[in-house]
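One-based numbering, in listed order, for ligands and for the atoms of each. Keep in mind the model is a prediction, meaning the values are calculated, not measured.
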Amino acid sequence: MTLNNVFTIIFVAVTLLSCKKKDTRTPPSTSIETPIQVNEFAIVIHGGAGSQTRKNITPELDSLIRSKLTEAITVGHRILKNGGSSLDAVEKTIHVLENSPLFNAGKGAVYTNQETNEMDASIMNGANLDAGAVAGITTIKNPISAARKVMENSPHVLLSGKGANQFAEEQGLEIVDPSYFATEKNLRYLRKIKTLENKKLTALLTKKYPDYKFGTVGCVAIDKNGNITAGTSTGGMTNKKWNRIGDSPIIGAGTYADNNTCGVSSTGHGEYFIRAAVAHDISAQIEYKKVSLKEAAENVVQQKLVALKGDGGIIAIDKYGNIQMEFNTPGMYRASINQKGEIYTGIYKDE
Ligand code: ASP
């Protein structure tokens, strides 16, 4: 045996010994987060990003919002804790928010310019990249369930308008008269905005009602099987015209989920979220740039969106169960629970 052969044998042996079994959970190389499963299951929600500050939110509204967020997230957490799926957790959690007039989704959907309510919603299953969405619907009590039916019981991803209403009815979902979505508060809000707009008092409009565009609810969850689901539901933007549709029902903008990376639900000025493909960009940065969820979310929300002048935020969970809530507005209604049952609720930037 030559000396060369001896070296080759030693080299091969050392290489083989140092090769470990491929770890599918290998953390992102620049991750600043725990590279192991931090939460076997977890859930996070938002109730819209906007101009919430302690000056413009009364203590009564503050506590109403926090208790509704807590009620909603507790529903999803219980499902996950009992071994249920993230799909069920997201859908049932969003129902609580959609059934409350406090948020811009379902019952609390804001008004269009024509004084109607048109809602959008989407859901995505990170296990197989299945997705479903509805846009411009007017009679479905819980839009998130319609999105799930589209995903599970139709060959399509996105249905709109009358056809989507009809599909939901055929699927046995609860149908309501459009008057169900009428709320005095939202109508007053629309009329004030239209008056200012008609008088071309745009500066005053933006100053007095800086977040008339915002609202929306969303939920992301990871279950005990590592399946990630993301869902988003909205009434869109107050005073929207011409059947405008925002980012919420757009897979990749308002919602995205992939078990290999993360799940994301967005809230903010939809036109910018569509242009920046926000939810997918965060997932793609984790996949291709190998950065952590935190880094990806900060990059997209605090840099890319800000450069475009796009206001809003996101909630997200990665495959390790890390939770991220990132926004570039003064506030965002939000809450999370980890597997230990520790609840966090937040409204303002500094909490
Ligand atoms: N993103 C929603 C839209 O543009 C609005 C919101 O999040 O408040 O329709």
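Closest non-hydrogen pair, N117 versus A182, comes out as OD1-N, 4.3 Å. Considering every non-hydrogen atom in both T229 and S86, the closest pair reads OG1-OG, 2.8 Å. Annotation for Y348 and T53: closest pair CE2-C, 3.3 Å, computed over non-hydrogen atoms.
Using a 4.0 Å cut-off between charged nitrogen and carboxylate oxygen, E271 and R275 do not count as a salt-bridge pair. Electrostatic pairing of R78 and D88 does not count as a salt bridge here, judged by no charged N lying under 4.0 Å from a carboxylate O.
The contact set between ligand 1 and G270, taken as ligand atoms under 4.0 Å from a residue heavy atom, comprises 4 (O). In the vicinity of T267, heavy-atom distances shorter than 4.0 Å reach the ligand 1 atoms 6 (C), 7 (O), 8 (O). Proximity to T216 (heavy-atom distance under 4.0 Å) selects the following atoms of ligand 1: 2 (C), 5 (C), 6 (C), 7 (O), 8 (O). Shown in contact with D247 at under 4.0 Å from a heavy atom are these atoms of ligand 1, numbered in order with element: 1 (N), 2 (C), 3 (C), 4 (O). Ligand 1 places these atoms under 4.0 Å from at least one heavy atom of G268: 1 (N), 2 (C), 3 (C), 4 (O), 5 (C), 6 (C), 7 (O).
Neither the backbone nor the side chain of M332 has any atom closer than 4.0 Å to an atom of ligand 1 (non-hydrogen atoms only). Heavy atoms of S248 found under 4.0 angstrom from ligand 1 belong exclusively to the side chain.
Ring geometry, H77 versus F41: the interplanar angle falls from 30° to 60°, so the pair is classed tilted.
At least one heavy atom of R244 sits under 4.0 Å from some atom of ligand 1.
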